[in-house]
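Step one of this worksheet: look at the structure below.
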Amino acid sequence: MWEEMNEPTQTIAWDQELISQAESLCAAAHECARRGWVPATAGNFSFRDRASGRIFITASGLDKGSVTPDDLLEIDLNCDVVAGSRKPSAETSLHGVIYRNRPDTGAIFHVHSIWNTLLSDRFARDGAVPLENYELLKALSDVTTHEHRELVPILENSQEYAGLALEVAGALRDYPAAHGVLLRRHGLYTWGESIAGTRRHLEALEFLFEVESRRLSCES
Ligand SMILES: [Zn+2]
């Protein structure tokens with residue numbers, strides 16, 4: 001289906017530091033594609049430059065295994081496109097709500113892995129996936145011991161993103177120590193203070209989701 005052409009928007013004004021961060025973001029997206037976490041153009045990736053506060057996000061419908069800085073859009077905190085010519089993803093609004101409610105966030109990754117999809121359904125009635133007593137929990141910011149109970153809140157999936165953004169804001173308020181939010185049978189949003197920090201959180205959470213899923217299937 002042909003998409004309506006957006007109003008022509010201005011070209012992103014890159015500088016050396018921003019391009020370096022954009023390349024790191026794309027490298028993280030490529031790695032997620034290699035690991036099978038963003039199949040069939042799923043997922044989206046963004047970063048917020050700490051110095052300027054400018055936010056950049058992958059556009060809609062791209063193979064995340066081959067995205068380049070040219071595929072990014074610059075958005076503001078309200079998720080309006082400031083620069084870039086591609087079409088924004090409907091999920092852009094969920095990045096905006098996380099940046100607004102977690103001021104220290106420097107990057108957000110969203111992936112659709114098999115393990116996060118399975119666990120988001122398995123624990124939907126409980127409202128959160130519990131992860132506890134695993135060494136790798138220490139990869140999450142401010143967690144210093146395996147004797148930690150991480151709760152990853154689960155929201156019902158929806159295609160109505162304005163309402164979903166309000167739900168995400170509620171989950172961020174209700175789970176102030178959370179490092180991620182799951183959408184049921186959909187995927188994970190995780191964030192961190194930097195691109196590297198978010199990548200570490202994603203790798204840790206996906207490892208823990210897989211371990212927990214396999215443990216539960218072994219015991220059933
Ligand atoms: Zn998604």
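Ligands are counted one by one from 1 in listed order, and the atoms in each one are counted from 1 as well. When a residue number appears, it is its place in the shown sequence, counting from 1.
Vertex the Zn ion (ligand 1); arms to H112 NE2 and H186 NE2; angle rounded to 10 degrees, 100°.
With a 4.5 Å cut-off on side-chain heavy atoms, Y189 and H95 count as touching.
Nearest to the Zn ion (ligand 1), among the N, O or S atoms that H110 has, is NE2. Looking only at its N/O/S atoms, E91 has OE2 as the one nearest to the Zn ion (ligand 1).
Side chains of H148 and E132: a donor-acceptor N/O pair is absent below 3.5 angstrom, by distance only. In the model, S66 has no side-chain atom that pairs as donor or acceptor with a side-chain atom of H30 under 3.5 Å.
Between W191 and F47, a ring centre-to-centre spacing not shorter than 6.0 Å is recorded.
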